[in-house]
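This report concerns only the one structure given below.
Position 1 is the first residue of the sequence; numbering continues from there. Everything quoted here is computed from the prediction, not taken from an experiment.
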Amino acid sequence: MIWTTRPRFEGAGALGYFAQGAGSALVLIHGVGLRAEAWAAVLPMLARDHQVICVDMPGHGTSPLNGAATLDDFVARLTEFIDTLDGPVRLAGHSMGALISACVAAQRPNRIEAMVGLNTVYKRPVAATRAVRARATNLASAEGLDPTPTLDRWFGQNPQAVDAECARACRDWLTGGCRQGYATAYRIFAQEDGPAESDLRGLQCRALFLTGENDPNSTPAMSQALAATVAHGRACVIEGAAHMVPMTHAQQVAACMSDFFTQPHPDQKGS
C-alpha cells in the first residue's frame, strides 16, 4: 500500500524524515494531523530530478513536540533542519506546511531557491476564521476525537475510490498520532491568517501557489492573490481536486511542480 509507514532517520531540529532520489534537495512539509507519508504519491515522480526529503512536523509522525507551542517554534525547527542541507534548497508545504514554508523562505533568502505552497490559506473570510477557531477548541474535547467532519471537508462526503483509500490513510493518521501535537498545530494554524504580507512581499525566491478547484477553505482565489503578492509568483489550480490534492491528484501536482522548477528565475532570463 502506498501509504505504508516508512523507516525514518532523525535530522536536525529533532525531526523525523525519509528521503528518495538524488540531485537538488527538495524538502516537503505535510499539513496538520498528517505525517511525511502524505507525500508518498508524488514522491516517485519528484525524485526523478531531486533528492526529495519528506519531514514530520513537530508533534507528528516520529518528530517529538518538544515544547513547540508557536508558529515561530515550528519554523525554527524546520529552519534548523534545512540549514544542514547542501546547496540551494527547494521547499514545498501543504496547508500548515505551506505557511511554514513561506516563513522559512522569508527567513533564509540565500538558502531557498524556490518554494511551493499547496492549499495555502490567505486572508480567510470572517465566517471561515470563526469556524476554524471553533474546530481548534473542539479538538480539546471528546467530540473532537471523531475525524469524520475533518475528512468530509478534505475529501467530500462521496469520494471516488482513489479518494476513499486516501481518506482511510488520513483517518489512521489523525486518530493514531500524537493528540497533543495535532491539537497544538491546529491551534497555531487557526490563529494564523496565512503567510504574513511582509514575508510575501519580501520573498526573493520564485513561488508557486497550487490548490484544488473545489477546496472550500484554501480557495483558488487565495492562491491567485498569493501569487499576485509575491515578486516572482505563479498560481496553479488543479481541476476536480479539493484539499488533499497531493494525495488525490498526485500526477497533476507533480507535473505542475516539475514544470515550475524547470523555469528559470526571472532575474536569470537571458543570462
Side-chain angles (χ1 to χ4, degrees), residues 12-13 15 25-32 53 55 57-58 60 68-85 87-126 128-129 132-133 136 184-211 215 217-237 243 246 256-257 260-261 263 265-268:
L15 298 181
L26 169 58
V27 178
L28 305 182
I29 308 170
H30 62 79
V32 176
I53 304 166
V55 300
M57 285 201 308
H60 295 68
T70 67
L71 177 60
D72 286 345
D73 293 336
F74 277 62
V75 172
R77 296 269 292 277
L78 268 299
T79 301
E80 182 180 352
F81 181 90
I82 287 167
D83 281 347
T84 66
L85 303 178
V89 175
R90 293 170 176 177
L91 184 60
H94 175 242
S95 195
M96 182 174 173
L99 174 59
I100 293 171
S101 296
C103 292
V104 173
Q107 293 182 16
R108 290 293 189 271
N110 296 326
R111 299 282 293 136
I112 307 302
E113 186 267 337
M115 69 148 288
V116 180
L118 294 89
N119 303 84
T120 315
V121 296
Y122 186 55
K123 296 184 178 180
R124 295 184 181 103
V126 173
T129 297
V132 73
R133 292 181 179 176
T184 298
Y186 202 94
R187 174 182 54 78
I188 295 168
F189 179 66
Q191 290 172 344
E192 300 293 332
D193 200 27
E197 189 158 340
S198 58
D199 284 348
L200 292 169
R201 294 195 181 279
L203 280 183
Q204 298 178 26
C205 67
R206 296 177 298 129
L208 170 67
F209 296 96
L210 181 156
T211 195
D215 189 334
N217 296 312
S218 308
T219 64
M222 289 180 181
S223 287
Q224 290 156 1
L226 284 158
T229 302
V230 304
H232 308 293
R234 176 177 165 185
C236 177
V237 178
H243 190 66
C256 188
M257 290 177 64
F260 169 69
F261 288 138
Q263 301 302 312
H265 192 288
D267 292 344
Q268 296 174 328

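At a threshold of 4.5 Å between non-hydrogen side-chain atoms, the residues Met57 and Ile29 count as touching. For the pair Leu85/Ile53, a side-chain contact is recorded, criterion being any heavy-atom separation below 4.5 Å from C-beta on. Thr79 places none of its side-chain heavy atoms less than 4.5 Å from the side chain of Ile82.
For Arg187 (side chain) and Ala69 (main-chain N/O), a donor-acceptor pair under 3.5 Å exists by modelled atom type. Counting only distance, with no hydrogens or angles, the side chain of Arg201 and the backbone of Ala196 share no donor-acceptor pair below 3.5 Å.
Separating the NZ atom in Lys123 from the OG1 atom in Thr219 is a distance of 12.5 Å, to the nearest 0.5 Å. For the atom pair Leu15 CG and His60 NE2, the distance stands at 12.0 Å (nearest 0.5 Å). Summarising the geometry, atom CE belonging to Met222 is positioned 8.5 Å from atom CG belonging to Asp215; distances are rounded to the nearest 0.5 Å. Atom CZ of Arg206 sits about 4.5 Å away from atom CD of Glu113, to the nearest 0.5 Å. Here the CG-CG distance, from Leu203 to Leu200, works out to 6.0 Å after rounding to the nearest 0.5 Å.
Under the rule for a side chain to side chain contact (heavy atoms under 4.5 Å, CB included), the partners of Cys256 that lie at least two apart in sequence or sit in another chain are Leu208, Leu210, Cys236.
Between Ala114 and Phe261, the shortest heavy-atom contact is CB-CE2, 4.1 Å. Heavy atoms only, all atoms of each residue included: Ser218 and Asn119 are closest at OG-O, 3.0 Å. For the residue pair Ile112 and Cys205, the shortest heavy atom distance occurs at O-CB, 3.4 Å. Here the closest non-hydrogen pair linking Thr129 and Arg124 is OG1-CB, 3.4 Å. Closest non-hydrogen pair, Phe260 versus Met115, comes out as CE2-O, 3.7 Å. Across Leu78 and Pro58, no two heavy atoms sit closer than the pair CD2-CD, 4.1 Å.
Legend: side-chain hydrogen bond (donor to acceptor under 3.5 Å, both in side chains) pairs involving residues 221-230, not counting sequence neighbours: none detected.
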Could you list the donor-acceptor pairs under 3.5 angstrom formed between side-chain atoms of residues 91-109 and any protein atom two or more places apart in sequence or on another chain?
unit_1	atom_1	unit_2	atom_2	d
His94	NE2	His243	O	2.8
Ser95	OG	His243	NE2	3.3
Ser101	OG	Gly93	N	3.3
Ser101	OG	Gly97	O	2.8
Arg108	NE	Asp83	OD1	3.0
Arg108	NE	Asp83	OD2	3.2
Arg108	NH2	Asp83	OD2	3.0

**OP:** Show your working on side chain to side chain contact (heavy atoms under 4.5 Å, CB included) between Gln263 and Arg234 and close with a plain yes or no.
**Re:** CA-CA 11 Å; Gln263 301 302 312; Arg234 176 177 165 185; 3.9 Å; yes
